[in-house]
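Below is one structure, written out as structure tokens; the observations come after it.
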Amino acid sequence: MTDRLIDPSIPRDLHAFIASLPKAELHVHHVGSASPRIVSELAARHADSKVPSDLEALADYFTFTDFAHFIEVYLSVVDLIRTPEDVRLLTYEVARDLARQQVRYAELTITPFSSTRRGIDEKAFMEAIEDARKAAEAEFGTVLRWCFDIPGEAGLVSAEETARLATDDRLRPEGLVSFGLGGPEIGVPRPQFKPYFDRAIAAGLRSVPHAGETTGPETVWDALTHLRAERIGHGTNSFQDPKLLAHLAEERIPLEVCPTSNIATRAVRTLDEHPIKEFVKAGIVVTINSDDPPMFGTDLNNEYAVAARLLDLDERGLAELAKNAVEASFLDEPGKSRIKDEIDTYTEAWLAP
Ligand SMILES: O=C(O)c1cccc(C(=O)CC[C@H]2O[C@@H](n3cnc4c(=O)[nH]cnc43)[C@H](O)[C@@H]2O)c1
Ligand SMILES: [Zn+2]
């Protein structure tokens, strides 16, 4: 972690514990993980883009007035990814950044529609992500899996295309495990996506839509009822509905909580007002994630430090949080046990006198 991200209210040794803690990341976007170095390299390569290539200007560019502004900026970065080699490089570098943070397993949300509609060949796109996935696992030991998400605001044409790319046996990549729904929620009702989620689920994919990030608890109910969500992306506004909190806890539907993202997109005013504490109090399985880390000036380690502060966690509490993510993942049982054992061994060794 860079010094810029060190929270002075957290003891330095807790930061050190987090930095080496084996972790799983369940909610992180492909393009949203492009490091400033990659964005600046691509922006310099494509001079017609409005994305600045200067690192300082980039920090300003990644300051958002609201969620709509965030999506506008996000799409300008999408515009920089123009060839299968850009896709491969981005994916491989994202894996490197995850590995540096001791992330053993990550489910990366990819929006293939945004790339194919911009002219990248669909087969070449799949080959690029798979090639990077295999290289990353061999070289860094980080296991990557994919979630293909519908960019809801782009309409049902994007839903159809995403469902096709996710379920066509000639295209569907080996690493694909789940199906999601992203983008703005306002004016994009969840129920209209039911047929596409039905197809994805029938093809063996797991359902992980974003919901309750920028709209209320009714969107989370819709995601559960119509899209058969097994985890909820964000779910932030669930706190407004005690019945929903009880349901999420009872059914053990994990929330993919991304605290800094919620502040950066102005979905929540301040970290101290974040409802994560209410989720834990309600008995919900909380997982900690980074969403679009460089765009939000964060990384997964920093999100764990934020959680430690907001939930008043020590090393054992942080280890439990890390195990929640492993348990809520779509990794197979032996894979889950391996990472959970590694977390326990690491924690006990750290705490040994
Ligand atoms: O690609 C297009 O042409 C396009 C056209 C219209 C709308 C869209 C989108 O809305 C793309 C949204 C994009 O945002 C990603 N994302 C990243 N972080 C988040 C988040 O915290 N909440 C929701 N969406 C997020 C998402 O994966 C989509 O790729 C695209
Ligand atoms: Zn997200």
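Each ligand, and each atom within it, is numbered from 1 in the order the structure gives. Here, residue 1 is the first one in the sequence, and each next residue gets the next number.
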Numbering the atoms of ligand 1 from 1, which are under 4.0 Å from a heavy atom of [X]?
{"X": "Phe67", "value": "22 (N), 23 (C)"}
{"X": "His234", "value": "21 (O)"}
{"X": "Ser114", "value": "1 (O), 2 (C)"}
{"X": "Asp291", "value": "18 (N), 20 (C), 21 (O)"}
{"X": "Thr111", "value": "27 (O), 28 (C), 29 (O)"}
{"X": "Asp149", "value": "26 (C), 27 (O), 28 (C)"}

What residue and heavy atom of the protein are closest to [atom], and at what distance?
{"atom": "atom 30 (C) of ligand 1", "result": "Leu75 CD2, 3.5 Å"}
{"atom": "atom 16 (N) of ligand 1", "result": "His29 CE1, 3.4 Å"}
{"atom": "atom 9 (C) of ligand 1", "result": "Pro151 CB, 3.7 Å"}
{"atom": "atom 23 (C) of ligand 1", "result": "Gly183 N, 3.1 Å"}
{"atom": "atom 6 (C) of ligand 1", "result": "Ala154 CB, 3.6 Å"}
{"atom": "atom 13 (C) of ligand 1", "result": "Tyr74 CE2, 3.7 Å"}
{"atom": "atom 22 (N) of ligand 1", "result": "Glu213 OE1, 2.7 Å"}

Ignoring angles and geometry beyond distance, decide whether [X] reaches within less than 3.5 Å of ligand 1 through its nitrogen or oxygen atoms.
{"X": "Pro184", "result": "no"}
{"X": "Arg117", "result": "yes"}
{"X": "Ser261", "result": "no"}

- List-wise, which protein N, O or S atoms are found short of 2.8 Å from the Zn ion (ligand 2)? His27 NE2, His29 NE2, His210 NE2, Asp291 OD1
- Do the side chains of Leu313 and Glu320 get nearer than 4.5 Å, heavy atoms only? no
- Is the shortest heavy-atom distance from the side chain of Arg104 to the side chain of Arg338 under 4.5 Å? no
Under 4.0 Å between a side-chain nitrogen and a carboxylate oxygen: does that hold for [X] and [Y]?
{"X": "Arg316", "Y": "Glu348", "value": "yes"}
{"X": "Arg117", "Y": "Glu161", "value": "no"}
{"X": "Arg164", "Y": "Glu160", "value": "no"}
{"X": "Glu137", "Y": "Lys134", "value": "no"}
{"X": "Asp344", "Y": "Lys340", "value": "no"}

- Message: Checking contacts here: is it the side chain or the backbone of Val31 that comes within 4.0 Å of ligand 1, counting heavy atoms only? Could be both or neither.
- Response: neither
- Query: Is there a heavy atom of Asp292 sitting under 4.0 angstrom from any atom of ligand 1?
  - Reply: yes
- Query: Is there a heavy atom in Arg118 that sits closer than 4.0 Å to ligand 1?
  - Reply: yes
Do other residues, nucleotides or ligands put more than 12 heavy atoms under 6.0 Å from [X] [atom1]?
{"X": "Asp312", "atom1": "CG", "result": "no"}
{"X": "Arg252", "atom1": "CZ", "result": "no"}
{"X": "Glu273", "atom1": "CD", "result": "yes"}

- Query: With no hydrogens and no angle check, is any side-chain donor or acceptor of Gln192 less than 3.5 Å from a backbone partner on Leu156?
  - Reply: no
- Query: Gln101 side chain to Leu300 main-chain N or O, any donor-acceptor pair under 3.5 Å?
  - Reply: yes
- Message: Quick one about Thr91 and His30 (side-chain donor to acceptor, distance below 3.5 Å, no hydrogens or angles considered), yes or no?
- Response: yes
- Task: Would you give the length of the straight line joining atom CG of Asp292 to atom OG1 of Thr260, rounded to the nearest 0.5 angstrom?
- Result: 11.5 Å
- Query: Cation-pi between Arg199 and Phe179: NZ/CZ under 6.0 Å from ring centre and within 45° of the ring axis?
  - Reply: no
